[in-house]
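Please read the structure below before turning to the comments.
Chain letters run A, B, ... following the sequence lines, proteins first, then strands; residues in each count from 1.
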Number of protein chains: 2
Amino acid sequence: MSSTNSVKKILIADDEPDILEIIQYNLQNEGYEVATAKNGLIALEEAKRFNPDLIILDIMMPGKNGIEVCNLLRMQPAFKDTLIIFLSALSDEVTEVKGLETGADDYITKPVSPKVLVSKVNALFRRLNKEDTGILQLGDLKIDREKYMVSYFDKEIILARKEFELLALLASKPGKVFLRNEILNQVWGTEVIVGDRTIDVHVRKVRQKLGLDCITTVKGVGYKFDL
Amino acid sequence: MSSTNSVKKILIADDEPDILEIIQYNLQNEGYEVATAKNGLIALEEAKRFNPDLIILDIMMPGKNGIEVCNLLRMQPAFKDTLIIFLSALSDEVTEVKGLETGADDYITKPVSPKVLVSKVNALFRRLNKEDTGILQLGDLKIDREKYMVSYFDKEIILARKEFELLALLASKPGKVFLRNEILNQVWGTEVIVGDRTIDVHVRKVRQKLGLDCITTVKGVGYKFDL
DNA sequence: TAATTCAGTTAACAATTTAATAATACGACT
DNA sequence: AGTCGTATTATTAAATTGTTAACTGAATTA
């Protein structure tokens with residue numbers, strides 16, 4: 001199974017050595033870990049051994065073709081969720097639809113520019129990692145934007161909305177000094193007009209509830225988050 | 001934001017009425033709910049109103065082009081995770097790479113066969129919905145989305161439809177705070193307009209029927225499910 | 001050094017928002 | 001007609017939010 005953090009592993013299966021090499025080179029350049037297979041059977045073995053996050057499959061290969069390989073992979077629980085991209089010289093509609101319905105995530109027709117291929121791969125991983133929740137982890141302080149929850153050393157701290165938004169804003173760029181105006185615009189919006197003291201008071205409440213000196217005052221300028 | 005159970009909504013933006021119509025027809029045939037926009041500005045408005053799960057954007061449109069629209073959408077938190085596919089007659093490498101790097105999930109060059117497009121759309125949703133099993137088991141609480149049934153300690157609890165959908169939504173991501181707007185969109189849809197109090201009342205009923213304190217209110221923000 | 005000013009802190013209070021509840025109304029369906 | 005599901009409204013209760021005013025400490029000035 002693929003970890004969200006680590007370097008992504010990609011297996012490329014194609015019977016043309018040139019293509020294999022070009023794609024491998026470009027993906028490695030982008031920081032991916034790459035393995036290759038020069039036919040369908042080897043691809044299956046490599047998939048087991050290498051446990052890739054993404055498999056790029058040529059359709060027309062000697063022995064087992066790409067679609068067969070895909071089917072065999074999808075049958076195994078271990079590869080149920082593995083990303084699969086078909087790469088094919090066949091650009092006919094029927095094959096493409098069949099390929100996608102087999103459970104592939106994309107179908108790219110050759111010839112394809114390496115840069116475009118890399119972009120598509122990036123896009124797939126980007127989307128998959130969107131799963132990550134908007135959690136900010138700063139030392140022992142955790143700010144979960146989705147859950148509207150702050151915890152320190154796993155102890156939950158209840159913040160009111162404005163308090164939370166203020167903290168989330170400051171913590172979004174630790175070290176950066178936010179001007180009072182920025183804070184007003186971000187947290188309170190441009191419509192509402194509130195006095196300057198209001199910010200101070202909210203800062204105080206956050207400090208108090210956190211019991212942690214992480215909001216620093218920069219006199220005459222604004223506030224910043226610093227652990 | 002996309003509901004786990006409901007029909008997926010797709011917004012298509014293209015300045016060519018023919019294309020708009022063909023795509024719309026094919027996607028509706030596949031069971032999707034479709035809205036259309038004939039230029040970039042309208043697309044932005046429709047996105048806000050219709051709240052689609054996927055937006056298919058033509059790149060060359062009068063006024064705002066697709067890439068601009070994509071950028072504007074991605075800036076708004078509400079559309080940060082919305083699926084976006086570019087559709088373009090431009091097949092040059094630079095535009096395609098730029099499009100994908102802008103945050104699109106796919107880039108398809110015209111002309112495209114409607115069947116292939118539909119397959120690609122299906123593939124995207126398939127990938128996104130991987131964890132969407134019908135039954136949710138949360139501690140001793142079981143929620144069966146297919147049978148519209150809830151049980152606690154094997155004791156069946158009858159919920160009305162809206163009540164059920166509300167609970168199912170909140171329980172789909174335990175801990176996550178759902179904004180009132182999200183709840184309205186998911187449970188009631190974008191078409192119907194109901195007052196804010198309606199949500200409260202339904203929350204109350206669910207709490208009452210479950211006899212279980214699993215829905216927490218987060219003042220000023222929304223509600224969350226927590227066991 | 002003492003007085004003054006400036007900027008921010010603090011605590012108490014008031015105003016405003018927001019949600020829970022109960023009672024009510026209206027259809028759809030039986 | 002009666003029940004059920006749904007949405008609205010009014011009332012009440014509670015929490016958040018904003019303001020005020022007094023306080024503190026540092027920097028500035030006389």
Side-chain angles (χ1 to χ4, degrees), chain A residues 147-150 156-170 177-226, chain B residues 6 145 147-150 156-170 177-226:
Chain A
K147 296 186 176 171
Y148 259 83
M149 217 192 66
V150 177
E156 196 171 323
I157 298 165
I158 310 286
L159 293 184
R161 183 167 123 203
K162 285 275 189 284
E163 294 162 5
F164 183 90
E165 283 171 0
L166 175 63
L167 176 63
L169 174 65
L170 295 181
V177 179
F178 287 83
L179 310 181
R180 298 181 95 86
N181 255 333
E182 289 182 83
I183 297 177
L184 281 182
N185 285 333
Q186 295 293 321
V187 178
W188 276 267
T190 41
E191 354 256 291
V192 217
I193 298 167
V194 295
D196 252 19
R197 297 300 106 233
T198 300
I199 298 178
D200 310 1
V201 172
H202 282 265
V203 167
R204 177 186 163 255
K205 285 187 175 165
V206 173
R207 281 173 173 157
Q208 195 176 286
K209 286 191 177 177
L210 288 187
L212 181 68
D213 192 23
C214 60
I215 298 179
T216 314
T217 307
V218 182
K219 278 206 166 204
V221 187
Y223 295 92
K224 67 174 174 177
F225 179 95
D226 254 324
Chain B
S6 65
R145 281 153 152 147
K147 295 181 180 164
Y148 264 67
M149 222 189 63
V150 177
E156 195 171 324
I157 298 167
I158 310 287
L159 292 184
R161 186 155 91 246
K162 286 273 187 280
E163 293 163 5
F164 182 90
E165 282 171 4
L166 176 62
L167 176 64
L169 174 65
L170 295 181
V177 178
F178 287 83
L179 310 181
R180 297 181 97 86
N181 255 334
E182 289 182 83
I183 297 177
L184 281 182
N185 285 333
Q186 299 302 316
V187 178
W188 277 267
T190 40
E191 326 285 305
V192 213
I193 298 168
V194 295
D196 255 16
R197 297 301 108 234
T198 301
I199 299 178
D200 309 5
V201 174
H202 282 264
V203 167
R204 173 168 172 267
K205 286 191 171 165
V206 173
R207 281 174 174 156
Q208 203 172 287
K209 287 191 178 175
L210 289 187
L212 182 68
D213 192 23
C214 61
I215 298 180
T216 314
T217 108
V218 182
K219 266 210 164 215
V221 189
Y223 294 92
K224 68 174 172 178
F225 179 95
D226 255 325

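Closest-nucleotide positions on DNA chain D for B:V192 and B:K219 were compared, and the one nearer the 5' end corresponds to B:V192.
There is no side-chain donor-acceptor pair under 3.5 Å between B:R207 and B:T217.
Atom CD1 in B:I199 sits about 11 Å away from atom P in D:dA7, given to the nearest Å. The interatomic distance linking B:E163 (CD) with D:dG5 (P) rounds to 7 Å, in whole Å. Atom pair B:W188:CH2 and D:dA7:P shows a separation of 6 Å (rounding to whole Å applied). In this structure, A:K205 places its NZ atom 13 Å from P of D:dA15, rounding to the nearest Å.
OP1 or OP2 of C:dA19 has not a single side-chain nitrogen or oxygen of B:R204 nearer than 4.0 Å. At D:dG18, one or more side-chain N or O atoms of A:H202 fall inside 4.0 Å of OP1 or OP2 (strictly under the cut-off). Close to C:dT9, at under 4.0 Å from its OP1 or OP2, lies a side-chain N or O of A:R207.
Among the heavy atoms of the strands, none lies under 4.0 Å from A:F164.
Side chain A:K162 to base D:dT17: no donor-acceptor pair is found below 3.5 Å.
Set against C:dT21, D:dA15, C:dA20, the side chain of B:T217 has C:dA20 as its closest nucleotide.
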